[in-house]
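Data block below; observations after.
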Amino acid sequence: CGGCRQPGTRWCVGCAQQLSSEPFALRTRVAGVPPAWSTGSYAGARRAMVIAAKERGRRDLTQEIGCAWALAVQRLREWGELDPAELTPLCLVPAPSRGRAARRRGGDPVLRAAHACALQLGTATAVWPALRVASGVRDSVGLSADQRVANLLGRVLVTERPGPSADATVVLVDDVLTTGATAAASTAALRLHGVRVHAVLVLAAVQ
């Protein structure tokens, strides 16, 4: 199991139950982040899943991340935090990762999870992989909130056009939120291109 290492299963019932919890609102440590939500804390099965998917080649686990996001989107729609599918299409924008890191991992796990989420949610959901990180960005591990903001300032770029339709609900998705610096930089980059991010959704939040 990618969450608890139980033998004989890819993803056990207990870890699946951990990922089925309701999303909760986040207070980020940096400004400029839209309403942000997480499916849970960066601990237990979520932490193990992220590490396995990013550092141990467990590409199969991105399906479970996508399913967790899909459940969260459905709940946020029920609560009125996101428009229902019958009113507006949904556009998922994967948060950017450094190109070198993505190549080392055999691809971008956040992008794969976004496609899995879209598949779960149905035809009114699109994935727009528009963001990339420019060269010169350092690994964020060990950086303070202010240092993370400075590290990404002006270095998140929109590289794919056209964007979502004007009536689309745009949700930025990522695996982990620590300070919110990546979400803020991504939101600012999209805003420059006339795209409003309505919400941020992550699998896990460092609290």
Side-chain angles (χ1 to χ4, degrees), residues 1-4 9-12 15-24 26 34 36-77 82 85 89-99 101-133 140 156 159-160 164 168-178 180 182-183 186-187 190 197-206:
C1 171
C4 65
T9 180
R10 178 177 64 87
W11 189 245
C12 75
C15 290
Q17 289 176 340
Q18 286 190 47
L19 262 66
S20 65
S21 58
E22 293 187 339
F24 61 88
L26 299 174
W37 301 83
S38 178
T39 74
S41 299
Y42 186 57
R46 286 181 181 82
R47 181 178 183 276
M49 167 186 275
V50 169
I51 293 172
K54 293 174 73 171
E55 309 299 339
R56 295 176 182 160
R58 288 293 303 270
R59 299 180 63 168
D60 56 316
L61 294 180
T62 55
Q63 175 70 31
E64 307 303 333
I65 297 173
C67 289
W69 285 342
L71 287 173
V73 167
Q74 291 167 350
R75 188 69 72 220
L76 293 173
R77 283 171 167 169
L82 295 176
L90 179 68
C91 178
L92 302 175
V93 180
S97 63
R98 292 180 302 134
R103 288 190 294 272
R104 177 171 55 82
R105 294 164 180 157
D108 185 354
V110 174
L111 175 59
R112 287 196 296 268
H115 282 295
C117 179
L119 188 63
Q120 287 286 320
L121 291 172
T123 56
T125 306
V127 177
W128 187 40
L131 300 174
R132 72 172 180 87
V133 176
S140 61
V156 174
T159 60
E160 182 177 318
T169 296
V170 178
V171 177
L172 180 74
V173 291
D174 204 353
D175 51 5
V176 180
L177 187 147
T178 303
T182 299
S186 299
T187 298
L190 290 166
V197 178
H198 295 78
V200 175
L201 177 61
V202 299
L203 177 72
V206 176

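Taking all atoms of both residues into account, the shortest heavy-atom contact from L19 to A45 is CD1-CB, 4.4 Å. Contact between A113 and I65 at its shortest, heavy atoms only, is CB-CG2, 3.7 Å. When every heavy atom of A183 is checked against every heavy atom of L172, the shortest pair comes out as CA-CD2, 3.7 Å. Between A168 and H198, the shortest heavy-atom contact is O-CE1, 3.3 Å. When every heavy atom of V156 is checked against every heavy atom of P96, the shortest pair comes out as CG1-CG, 4.0 Å. Taking every heavy atom of both residues into account, Y42 and I51 meet most closely at OH-CG1, 3.8 Å.
A distance of 11.5 Å separates CZ of R10 from SG of C15, quoted to the nearest 0.5 Å. Expressed to the nearest 0.5 Å, how far CG of L76 lies from CG of L71 amounts to 11.0 Å. With rounding to the nearest 0.5 Å, the separation of CH2 in W128 from CG in L111 is 13.5 Å. Once rounded to the nearest 0.5 Å, the distance linking CG of L201 with CG of L92 reads 8.5 Å. The SG atom of C67 lies 11.0 Å from the CH2 atom of W11; values are rounded to the nearest 0.5 Å. In this structure, R56 CZ and L61 CG are separated by 10.5 Å, a value rounded to the nearest 0.5 Å.
In this structure the side chain of R58 never reaches within 4.5 angstrom of the side chain of M49, judged on heavy atoms. Inter-residue side-chain proximity for D174 and V200 is flagged as unmet; no heavy-atom pair is nearer than 4.5 Å. Two residues are said to be in side-chain contact when any heavy atoms from C-beta on lie closer than 4.5 Å; L90 and R77 meet this criterion. Residues C4 and C12 have side chains in contact (heavy-atom distance under 4.5 Å, counting atoms from C-beta outward). V93 is not listed as a side-chain neighbour of V171, based on a closest heavy-atom distance of 4.5 Å or more. S38 places none of its side-chain heavy atoms less than 4.5 Å from the side chain of L203. Considering only heavy atoms from C-beta on, L26 stays 4.5 Å or farther from W37 through its side chain. Residues L190 and L131 have side chains in contact (heavy-atom distance under 4.5 Å, counting atoms from C-beta outward).
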Walk me through whether V202 and T39 qualify under side chain to side chain contact (heavy atoms under 4.5 Å, CB included). CA-CA 7 Å; V202 299; T39 74; over 6 Å; no
Q63 vs Q120, test: side chain to side chain contact (heavy atoms under 4.5 Å, CB included). Steps then yes/no. CA-CA 10 Å; Q63 175 70 31; Q120 287 286 320; 3.7 Å; yes
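A salt bridge does not link E160 to R132: none of the charged nitrogens lies less than 4.0 Å from a carboxylate oxygen.
At a cut-off of 3.5 Å, with distance as the only test, a side-chain donor of R46 or S21 sits close to an acceptor on the other residue.
Listed for the T159 side chain is a donor-acceptor partner under 3.5 Å among the backbone atoms of A130.
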